[in-house]
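No experiment lies behind these values; they were computed from the predicted model shown. The analysis underlying the following values was restricted to heavy atoms, covering all of them including side chains, and did not include hydrogens, waters or symmetry mates. Residue numbers start from 1 in every chain, and the chains themselves are labelled A, B, ... in the order their sequence lines are given, proteins ahead of strands.
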2 protein chains.
Amino acid sequence: MSSSRPRRSADIDPRPSRGIPEATVARLPVYLRALTGLAERGTTTASSEELARAAGVNSAKLRKDLSYLGSYGTRGVGYDIEYLRYQIAREIGLTQDWPVVIVGIGNLGHALANYSGFATKGFGIVALLDADPQRVGERIGDHTIRPYSDLEQVVRESGVAIGVISTPASAAQEVCDRLVEAGITSVLNFAPVVLSVPEGVDVRKVDLSTELQILAYHEQRKALSQNGHVPGIEGLPVEGVS
Amino acid sequence: MSSSRPRRSADIDPRPSRGIPEATVARLPVYLRALTGLAERGTTTASSEELARAAGVNSAKLRKDLSYLGSYGTRGVGYDIEYLRYQIAREIGLTQDWPVVIVGIGNLGHALANYSGFATKGFGIVALLDADPQRVGERIGDHTIRPYSDLEQVVRESGVAIGVISTPASAAQEVCDRLVEAGITSVLNFAPVVLSVPEGVDVRKVDLSTELQILAYHEQRKALSQNGHVPGIEGLPVEGVS
DNA sequence: TAGATTGTTAATCGATTAACAATC
DNA sequence: TAGATTGTTAATCGATTAACAATC
């Protein structure tokens with residue numbers, strides 16, 4: 001395909017055609033949000049220093065990150081907020097809409113289905129699926145819960161790009177397999193399991209208890225250092241020391 | 001404080017008293033879950049290879065990670081699952097219970113309050129707070145929603161260690177300030193804002209739309225490479241090229 | 001022109017990985 | 001003892017940061 005495409009001067013693109021570092025990709029949404037916040041407050045231009053403050057990073061990192069996208073700032077001036085916002089949105093792919101299906105409409109699924117940020121950010125829920133016949137037919141916002149067995153049909157008809165799994169842990173792998181089988185290559189997993197997927201499928205995981213545990217680890221360290229304990233010592237036997 | 005503590009032989013600890021790398025800390029909960037899964041299936045011993053598979057990492061990384069905690073395996077044999085599980089739990093600080101307060105009981109707050117994994121994992125919800133008088137008094141599971149103004153009292157009386165913020169974005173910083181003022185040093189933030197906190201306070205952020213955007217970026221790249229486009233080209237003007 | 005600020009370089013730091021000696 | 005597998009070393013890779021030349 002690409003080999004038969006005629007070459008044009010646009011092919012000689014100054015930006016790195018090889019991807020943006022993962023760490024940078026993960027921060028682009030943060031920058032986007034910071035830019036939106038500034039725009040809402042009427043700001044039209046910001047320096048890397050100001051932008052970085054709004055995004056909670058240091059300015060060197062922000063400039064480096066933005067440099068992977070291109071040269072969208074003006075030396076001596078800063079960045080035009082609207083212009084930069086558009087460039088980042090385009091880079092992420094938010095200039096198009098991404099159809100999303102949510103599988104598993106329990107407590108969390110309900111919350112996700114009601115989350116207004118979905119639509120406004122370039123993602124559109126095209127279906128809510130649940131395996132429980134009792135739940136099927138229930139209305140949530142604009143949507144009606146459909147049977148899990150509609151999965152393939154939904155993916156096909158709506159060209160679903162991203163599958164969100166908010167089922168119990170026990171069901172997650174099977175749901176994931178079926179999403180992948182239906183052609184989905186991006187999965188956002190809220191179930192507390194490690195999903196196995198074939199090469200080429202991206203999985204991201206959101207996990208409450210992992211986050212709490214990471215906080216607990218640091219909290220414990222803070223408490224220990226306050227008490228004058230050397231971290232990692234408490235709980236070790238001190239008998240037989242004399 | 002710690003300088004006046006008498007030295008004991010336990011002070012000479014073979015393990016690195018200086019902390020575990022952040023990347024490793026973030027994986028310990030994953031290992032813990034994998035171990036629990038294996039234990040439930042009746043397994044008592046596992047090699048680093050098996051454990052790594054269950055956790056979705058490679059075995060070199062797993063062994064390196066575990067080596068920061070100590071030497072809890074047996075060469076030629078593997079790891080005793082129960083023993084390793086205990087050691088990781090102790091390292092994270094899960095041998096004690098961490099009191100948690102949830103502020104903002106909308107859709108997401110409801111889901112969090114109902115999340116059973118909370119209690120079973122060493123975290124206990126001690127209060128649900130909401131600023132809306134209409135919601136105060138509502139029962140969720142074992143809890144009754146209390147007024148936001150009870151915040152300081154709850155933190156003090158229950159010795160809350162971790163504050164969970166599930167308010168709208170507009171309220172999150174104020175809630176955070178008040179939690180920190182009340183003495184909390186660990187915050188889990190579900191609101192889509194960058195919180196500013198003083199030195200010594202840990203914030204972790206869970207953000208649905210960030211996750212979706214990261215997936216969208218990769219999804220876009222996959223689509224582009226299939227279509228034979230050089231990523232980063234589409235949308236650039238091609239006029240004036242001739 | 002003088003002042004400000006970007007975009008980039010280069011140094012540093014931390015994380016990952018392969019390989020293997022130690023040892024059960 | 002022979003086979004298996006850990007714990008550690010060292011090489012590599014990627015991310016962060018400070019500093020500054022380029023340039024508005």
Where do N or O atoms of nucleotides 9-12 of chain C meet protein N or O atoms at under 3.5 Å, pair by pair?
none

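- Looking at every heavy atom in both residues, B/Ile214 comes nearest to A/Pro29 through CG1-CG, 4.3 Å.
- Remark: aromatic rings of A/Tyr79 and A/Tyr72 are distant, center separation not under 6.0 Å.
- Residue B/Tyr79 places at least one side-chain N or O closer than 4.0 Å to OP1 or OP2 of D/dG7.
- A donor-acceptor pair under 3.5 Å links the side-chain atoms of A/Ser166 to the main chain of A/Gly104, judged by distance alone.
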Please tabulate, one pair per line, all N/O donor-acceptor pairs under 3.5 Å involving side-chain atoms of residues 177-188 of chain A, not counting sequence neighbours.
residue: A/Asp177; atom: OD1; partner: A/Gln173; partner atom: NE2; Å: 2.7
residue: A/Arg178; atom: NE; partner: A/Glu152; partner atom: OE2; Å: 2.8
residue: A/Arg178; atom: NH2; partner: A/Glu152; partner atom: OE1; Å: 3.2
residue: A/Thr185; atom: OG1; partner: B/Glu219; partner atom: OE1; Å: 3.0
residue: A/Thr185; atom: OG1; partner: B/Glu219; partner atom: OE2; Å: 2.9
residue: A/Thr185; atom: OG1; partner: B/Lys222; partner atom: NZ; Å: 3.4
residue: A/Ser186; atom: OG; partner: B/Glu219; partner atom: OE1; Å: 2.4

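- Counting only distance, with no hydrogens or angles, the side chain of B/Thr36 and the backbone of B/Leu32 share a donor-acceptor pair below 3.5 Å.
- Under 4.0 angstrom from either OP1 or OP2 of C/dT6 there lies at least one side-chain N or O belonging to A/Ser48.
- Rounding to the nearest 0.5 Å places CZ of B/Arg204 at 12.0 Å from CG of B/Asn189.
- Closest to the side chain of A/Glu22, out of D/dA15, C/dA15, D/dT17, is D/dA15.
- Closest to the A/Asn58 side chain, of the nucleotides D/dA15, C/dG7, D/dT17, is D/dT17.
- Contact annotation for A/Ala60: base contact, defined as any heavy-atom pair under 4.0 Å involving a base atom.
- When the P atom of C/dA15 is taken as reference, atom CD1 of B/Ile20 falls 12 Å away, rounded to whole Å.
- In this structure, the CG atom of A/Leu51 is 12 Å from the C1' atom of C/dT6, given to the nearest Å.
- Not a single donor-acceptor pair under 3.5 Å links the side chain of A/Glu40 to the backbone N or O of A/Gly37.
- A donor and an acceptor atom, one from each side chain of B/Arg90 and B/Thr95, are nowhere located under 3.5 Å apart.
- A straight line from CG of B/Leu62 to P of C/dT16 spans 12 Å, rounded to a whole angstrom.
- Taking 3.5 Å as the limit, the base of D/dT5 and the side chain of B/Arg75 contain no donor-acceptor pair of atoms between them.
- Between the CG atom of A/Asp65 and the C1' atom of C/dT6 there is a distance of 14 Å, given to the nearest Å.
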Under 3.5 Å for both distances, Watson-Crick or G-U wobble, that's the pair rule; now give the dot-bracket for DNA chain C, with | marking pairs to another strand and [ ] for crossing ones.
-> ..||||||||||||||||||||||
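- Residues B/Glu91 and B/Tyr68 have side chains not in contact (no heavy-atom distance under 4.5 Å, counting atoms from C-beta outward).
- A straight line from CZ of A/Arg63 to P of D/dT16 spans 15 Å, rounded to a whole angstrom.
- To the nearest angstrom, P of C/dT6 lies 11 Å from CG of A/Leu84.
- Counting to the nearest Å, the C1' atom of D/dT6 and the CD atom of B/Gln87 are 16 Å from each other.
- For A/Gly76 and A/Ala23, each mapped to the nucleotide of DNA chain D holding its nearest heavy atom, the one lying further toward the 5' end belongs to A/Ala23.
- Between the side chain of B/Thr24 and the backbone N or O of B/Ile20 there is no donor-acceptor pair closer than 3.5 Å.
- We find that OH of B/Tyr68 is positioned 16 Å from C1' of D/dT6, with the value rounded to whole Å.
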